[in-house]
Amino acid sequence: MSATQRLAGGTADYLDRRTGIGVAVKSIARKIFPDHWSFLLGEMALYSFVVLLISGVFLAMFFVPSMNQTTYTGSFATMHGVQMSEAFKSTLDLSFEVRGGLLMRQIHHWAALLFMASIVTHMFRVFFTGAFRKPREINWVVGSVLLTLGLLAGFSGYSLPDDVLSGNGLRIADGVARSIPVIGSYASYLLFGGQFPGDALIPRLFTVHVLLIPGLILALVGLHLLLVVLHKHTQYPGPGRSDRNVVGFPLFPVYVAKAGGFFFIVFAVTALLAATFTINPIWSFGPYDPSPVSAGAQPDWYMLFLEGGLRLVPGWTEFELGGFTWSFNILIPGVIIPGILFTALALYPFIESWATGDKREHHVLERPRNAPVRTGIGVALIVSFLVLALAGSNDVIATHFHLSINDITKFFRVFIILGPILAFWLTKRLCLGLQRKDRELVLHGHETGRILRFADGEYVEVHKPLSADERWLRVQHEPSRPLQIAPETNSRGVLRRGYRKDRIRQRVSQFFYQDRVEPVTPAELAAADAHGGHDALDAVTGNAEIEGAVSPAEHASQDQ
Amino acid sequence: MKALGAHRYHRFAPVALLLLALLAIGSGYAALTGGPAAAAAPTADDIAAGSQLFRANCATCHGPNASGSRNAPALIGVGAAAVDFQVGTGRMPMKASGPQALTKPVQFDQQQIDQLAAYVASLGAGPAVPTVEQVDPTLGNAANGMALFRTNCAMCHNAVGGGGALSQGKFAPALWTTTPTHIFEAMLTGPQSMPVFNNANLSAAEKRDVIAYLVAQREGSPGGTDLGSIGPVSEGLWVWVVGLGLLIGAAVWLGAKSS
Amino acid sequence: MNADDSSKDLVVGTDGEKYPARFADPGLPEHRDRLADRDPAAAKRAERQVAVLFGLSALGTIGFLLAYFLVPPGQSVSSIRLSNLLLGLSLSLGMLGVGLGAVHWAKTLMSDHERVEERHPQRSIDADRAGAIAALKAVAADSGVGVGRRGLLKGALIGAIGLLPLSIAVPLIGNVGGDWDTNKFRHTIWRAGRRLARDPSGTAIKATDVTIGSVFHVIPEGLEAEAHPLEEKAKAVVLLIRLDPRDLNEAPEKKSWSYYGIVAYSKICTHVGCPVALYEQQTHHLLCPCHQSTFDVSNGAKVVFGPARRPLPQLPIAVDAEGYLVAQSDFHEPIGPSYWERLK
């Protein structure tokens, strides 16, 4: 035995005697994980979070979370002698006096943007492939909470330097809080410890950003990963893969190397962005004061859906009733719509399983085209977010494309309704079309481009039938079908209790699954082969008559 | 020969002394403070040439005596500074009348612009073209300039002078390439949608501080390339296109089978 | 559940033959060897590539340390930019080398034979379930209460535990809102006779300074001496604009609030509170850059576009004996965004 082996053996023995870790090693070391690049999106989020923690610890060593006023005496010329809060000053010192401080700050902020981007991409991958179905509904809910926590972490984080841009964002948050009926003014006082801006805000945001939210995120990420290990990871459909197995590579050494290496790649990309591109140049915005504001006042990208909504809802939706002010121009985009959307998103697995009546476990992912309505809903959601993000950037669009912000706003007021509806309809039709193309491919095979001429003058294109593996990908899915419910009246004509509820459920189910394309069955393939003899040509080299050849007209009439 | 002292008590001596003193103080003052006069005071020929240029290029809209018309305002009292700015940046002659005057290639050389300015200034007293010293960024305090810019200018022109949107398709332009003289004149005369920042609002020294700040922004950003100084919108776009793009590329490579 | 089961069912096709209802799983595809598996030279080459990548990482880290010690950020924009660039690029290289090396190793040299692991239903096996149920029953039996007495104890327990969080929540919420005096929203520090001053210098403004087409950003004179300057500034900032009096359409009761075409309006947007700072001289519109609410100064600052509902509150102004602009009183309504009890 070599020295390394002796050392490893000794360590393992030491640990096992004190913890009984052997059983865990046995089950986890060679755990199988399936391999697909889209499974790395969640890891991108996880590793961005680790980068955030590392860079965050660095920043927290130098940042002063205080709103006490002080004067800048550092090296940056345009801030000389300016009155500012300690928070702003410590951020400037961190950027210009601490070596590597600016790099760490930029790494932290780029990593935050990347964190949210990868969470959203990962969430949509899970959504479009149906990975949230039983038994993973709880994990989906945990993920939704992580998404919300990420938003809060980002918002509290970029508000910490107390600059004009983020400070105006906080003023807007104050305005939104105030608009809440009955408790609005008290909500404003609660957040700011009194009138805006007060001096409690930055210290409070600091505690939230550095302690409360990371603690919650770490705990929930732990739960999220534990559930993945318990459930085993889902896998894409393919030959040899079923709901009863996991096909892939073992955790040690392959995934440790690949996933571990990916962490360093994520860090490297973040560092590359931070080395070359400025982000959040607070020295250009200046310290927060309630009077100045800069053109191009937007929050970080993940908050743009709120910003766009606030720009779009017209003012006449606010009214006075009973002497009280009902600010629906703020409540709708700021509280009501996001509340509905986030709740619906979190509850989606339960909505879909209620509509399907499907109680089975699912471990093989669905191709998005095989769930047209779900895919359509997902695309509609993405389009609505995009429209809101564009609406929130309307002044940037106006200056760069020489348009009028008024026209852009009016256009998006219409398109925020029309766009998602159009996107849903288009996506659903596309998915159904792709399914029909799959059927076509299975029944008739690949077009080879080889043209064959028969003796009687008929031309046909030779089709190459699909291999068993290719075919399996296109026929393995079982489409969901609309629910069947017991009839309204029983055999004696008596109305059934609970019919109303069942009927609603059936209607929802029909909305989801009425339009569908069934996968090809062996019987259908055999029927297609039988009359399409020339489709199954494979070894034909010559120009002799082909047995079973049928003219195109006959062929068309026999096809489904 | 009479002593020099004898002439001291000549009855016109006090007058001569006073005139000498006035001359000395006046020229001393002019030399030290640099009055608002242009490099060379306009001559009558300049004004005549300017009048001809005006009639050929500007009178169609501004009226033969610059008294205005339906399409364009009167120019009596706008001063040489306004003309130097509008014509010197190519905004005038305007292609089509409207609230936003776009910069275009400058149609006249500086001498012609000075002549036009002299003519318009002769119609009525107005703000004059600033001296070289008044617009020298090295004499300005960039920190004070930033504080003033932040309160008075950033909401239209963006925090670093990158430009911003106004209503109905109008915009406040980016200031990256605007000359210090034109910046001064724009603040002083309030062209088109821009409000007037007269010397009682922002003194001449404060205007120079603003110029110093804007010129300092041309050095770029200490954090790297600034993605257009637009703010979080371009940062968000960048992270999706470049950041996520690179990472997804890496993920696809990672998951692909090795050859 | 999936194809394995239903492929055993048989259906009759159009030709009268029997076919399985669904296709059968063809099973795992054949393993395809990689170059490094077949060719030892290729494997050696891959090994060298991995080693080079790790070596690049080390170079990156050394470069980082060199940049850290030898290239200080300095005082100028370009020197700070250089330091940031060098540190960041070398850090990136250091990380990238390890990452690419590890992944390349896994892809080319580590075994890439796909393995299969069985899944079991998530549900515990019946024996474990029975054991759990038995354990829970034993818990109930050991808990010292019979079936009938659950109500009282359960209710009392829930009541006690339910009340406990109040002892933390009440002091937390009670104190976290400061003095909770939301009436402060209704008033600013503007009073009769208080001079209008330039923001941020604080110098008083004379009426003659304000020419037609000017906009002044205004704070009350002596703002720095207030107890909470930023909170007061957040309510008291004002825009001072002079229009040609012929362009000004004033409501009859507000005619005395302006001075020869000079008007003063609150700078805090009535939508959600951003400073409404953009003044368009020709259209007399005030544009808020946050959500594009547009106010028409020549018509009492009423809303002409955007998500705001109410016009900007107007500050009544006059001129004192020395010609300086002064407020006549505080605003006649609460400034800033709407809130529930605003009109009460």
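Chain A is the first sequence line, chain B the second, and so forth, proteins listed ahead of strands; every chain is numbered from 1. Values below: all heavy atoms of this structure, side chains included; hydrogens, waters and symmetry mates excluded. Because the structure is a prediction, the values reported are computed rather than measured.
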Worksheet item: Given a strict heavy-atom distance threshold of 4.5 Å, which part of P229(C) is in contact with chain A: side chain, backbone, both, or neither?
Response: neither
Fill in: Pairs of heavy atoms under 4.5 Å with chain A: top-ranked of L87(C), D181(C), I80(C)
D181(C)
Fill in: Contacting region of V182(A) [heavy-atom separation from chain C under 4.5 Å]
both
Worksheet, complete the sentence: The interface call for K31(A) against chain C, heavy-atom contacts under 4.5 Å, is both
Fill in: Electrostatic pair D199(C):K233(C) at N-O distance under 4.0 angstrom
yes
Practice prompt. Measure K184(C) against the heavy atoms of chain A and call it side chain, backbone, both or neither at under 4.5 Å.
Written response: both
Donor-acceptor list for residues 96-104 of chain C side chains, cut-off 3.5 Å, not counting sequence neighbours:
from	atom 1	to	atom 2	distance (Å)
H104(C)	NE2	Q49(C)	OE1	2.7

Worksheet item: SG to SG, are C269(C) and C290(C) under 2.5 angstrom apart?
Response: no
Discussion item. If the threshold is 4.0 Å, N to carboxylate O, is there a salt bridge linking R186(C) and E333(C)?
Written reply: no
Discussion item. Please classify the contact of D174(A) with chain C as side chain, backbone, both or neither, using a heavy-atom distance under 4.5 Å.
Written reply: neither
Discussion item. If you count heavy-atom pairs within less than 4.5 Å of chain C, which of A295(A), P239(A), G260(A) leads?
Written reply: P239(A)
Worksheet item: Counting heavy-atom pairs under 4.5 Å to chain C, which of E320(A), R241(A), R30(A), Q195(A) comes out on top?
Response: Q195(A)
Worksheet, complete the sentence: Among D395(A), D289(A), L525(A), the residue with the most heavy-atom pairs under 4.5 Å to chain C is D289(A)
Fill in: Under 4.5 Å from a heavy atom of chain A, the part of E118(C) involved
both
Item to complete: Between chain A and each of L278(C), D179(C), T294(C), D112(C), count heavy-atom pairs under 4.5 Å; write down the option with the most.
Response: D112(C)
Worksheet entry | Top of K235(C), K267(C), K344(C) for chain A proximity - count of heavy-atom pairs under 4.5 angstrom | K344(C)
Worksheet entry | Toward chain A, the part of I268(C) with a non-hydrogen atom under 4.5 Å | side chain
Practice prompt. Tell me, out of S185(A), G74(A), G175(A), P181(A), who's got the most heavy-atom pairs with chain C below 4.5 Å.
Written response: S185(A)
Worksheet item: Is K232(A) close enough and on-axis enough to F33(A), meaning under 6.0 Å and within 45°, for cation-pi?
Response: no
Worksheet entry | Close aromatic pair by centroid cut-off 6.0 Å: Y189(A) and F185(C) | yes
Worksheet entry | Proximal component of I330(A), with respect to chain C [non-hydrogen, under 4.5 Å] | side chain
Discussion item. Which heavy atom of F96(A) sits nearest to which heavy atom of S75(A), and what is that distance?
Written reply: CB-OG, 4.0 Å
Response to the item:
If one checks every heavy atom of Q83(A) against chain C at 4.5 Å, the contacting part turns out to be neither
Discussion item. Between R310(C) and S338(C), is there a side-chain donor-acceptor contact under 3.5 Å, judged purely by atom types and distance?
Written reply: yes
Fill in: Partner set under side-chain hydrogen bond (donor to acceptor under 3.5 Å, both in side chains) for Q106(A), not counting sequence neighbours
none
Item to complete: Compare all side-chain heavy atoms of E478(A) with those of P519(A) and state whether any distance is below 4.5 angstrom.
Response: no
Discussion item. Under a 4.5 Å cutoff for heavy-atom pairs, which residue among G261(A), P292(A), S467(A) has the most contacts with chain C?
Written reply: G261(A)
Practice prompt. Could you look at S83(C) and say if it's the side chain, the backbone, both or neither that has a heavy atom under 4.5 Å from chain A?
Written response: neither
Worksheet item: Are any non-hydrogen side-chain atoms of I32(A) and V116(C) less than 4.5 angstrom apart?
Response: no
Worksheet entry | R123(C) portion near chain A, given a 4.5 angstrom heavy-atom threshold | backbone
Discussion item. Between Y339(C) and chain A, with a heavy-atom cut-off of 4.5 Å, which part of the residue counts as in contact: side chain, backbone, both or neither?
Written reply: both
Item to complete: Look at S111(C), P275(C), P337(C) and state which one has the largest set of heavy-atom pairs under 4.5 Å with chain A.
Response: P275(C)
Worksheet item: With a 4.5 angstrom heavy-atom cut-off, which part of F263(A) approaches chain C: side chain, backbone, both or neither?
Response: neither
Fill in: Under 4.5 Å from any heavy atom of chain A - which part of P72(C)
both
Practice prompt. Name the region of V77(C), side chain, backbone, both or neither, that has any atom closer than 4.5 Å to a heavy atom of chain A.
Written response: side chain
Item to complete: Select one option (side chain, backbone, both, neither) describing which atoms of H362(A) are under 4.5 Å from chain C's heavy atoms.
Response: neither
Worksheet item: Given that the side chain runs from C-beta out, which part of A274(A) has a heavy atom under 4.5 Å from chain C: side chain, backbone, both or neither?
Response: backbone
Discussion item. Classify the ring geometry of H113(C) against H31(C): parallel below 30°, tilted from 30° to 60°, perpendicular beyond 60°.
Written reply: parallel
Worksheet entry | Proximity breakdown for V237(C) and chain A, heavy-atom pairs closer than 4.5 Å | side chain
Discussion item. Given heavy-atom pairs under 4.5 angstrom as the criterion, report whether the side chain, backbone, both or neither of W326(A) touches chain C.
Written reply: side chain
Practice prompt. Would you mind reporting whether H285(C) and F295(C) have side-chain heavy atoms less than 4.5 Å apart?
Written response: no
Worksheet entry | Side-chain H-bond candidate by donor/acceptor type, R311(A) with N394(A), under 3.5 Å | yes
Worksheet item: Between F305(C) and K410(A), is any pair of side-chain heavy atoms under 4.5 Å apart?
Response: yes
Item to complete: Given ring-ring contact (aromatic ring centres under 6.0 Å, His included), test Y47(A) with F264(A) step by step and report yes or no.
Response: CA-CA 9 Å; Y47(A) 298 145; F264(A) 291 101; 9.0 Å; no
Item to complete: Measure from NZ or CZ of R99(A) to the centre of the six-membered ring of Y68(C), then state whether that distance is under 6.0 Å and the direction lies within 45° of the axis.
Response: yes
Worksheet item: Do S188(A) and R178(A) meet the criterion of a side-chain donor-acceptor pair at a distance under 3.5 Å?
Response: no
Item to complete: Please look at S57(C) and chain A and tell me whether the side chain, the backbone, both or neither of the residue comes under 4.5 angstrom of a heavy atom of that chain.
Response: neither
Fill in: Any donor-acceptor N or O pair under 3.5 Å, side chains R198(C), H217(C)
no
Worksheet entry | Pairs of heavy atoms under 4.5 Å with chain A: top-ranked of H271(C), H228(C), E117(C), R81(C) | E117(C)
Worksheet entry | Interface moiety of L287(C) toward chain A, non-hydrogen atoms closer than 4.5 Å | side chain
Fill in: Among L103(A), I265(A), I183(A), residue most engaged with chain C (heavy-atom pairs, under 4.5 Å)
L103(A)
Item to complete: Can you tell which part of W180(C) gets under 4.5 Å to a heavy atom of chain A, answering side chain, backbone, both or neither?
Response: both
Worksheet item: Just by distance, do the side chain of E341(C) and the backbone of N183(C) share a donor-acceptor pair under 3.5 Å?
Response: no
Practice prompt. Could you tell me which portion of A234(C) (side chain, backbone, both or neither) has an atom closer than 4.5 angstrom to a non-hydrogen atom of chain A?
Written response: both
Discussion item. Please rank E231(C), Q75(C), M110(C) by heavy-atom pairs under 4.5 Å with chain A and give me the top one.
Written reply: E231(C)
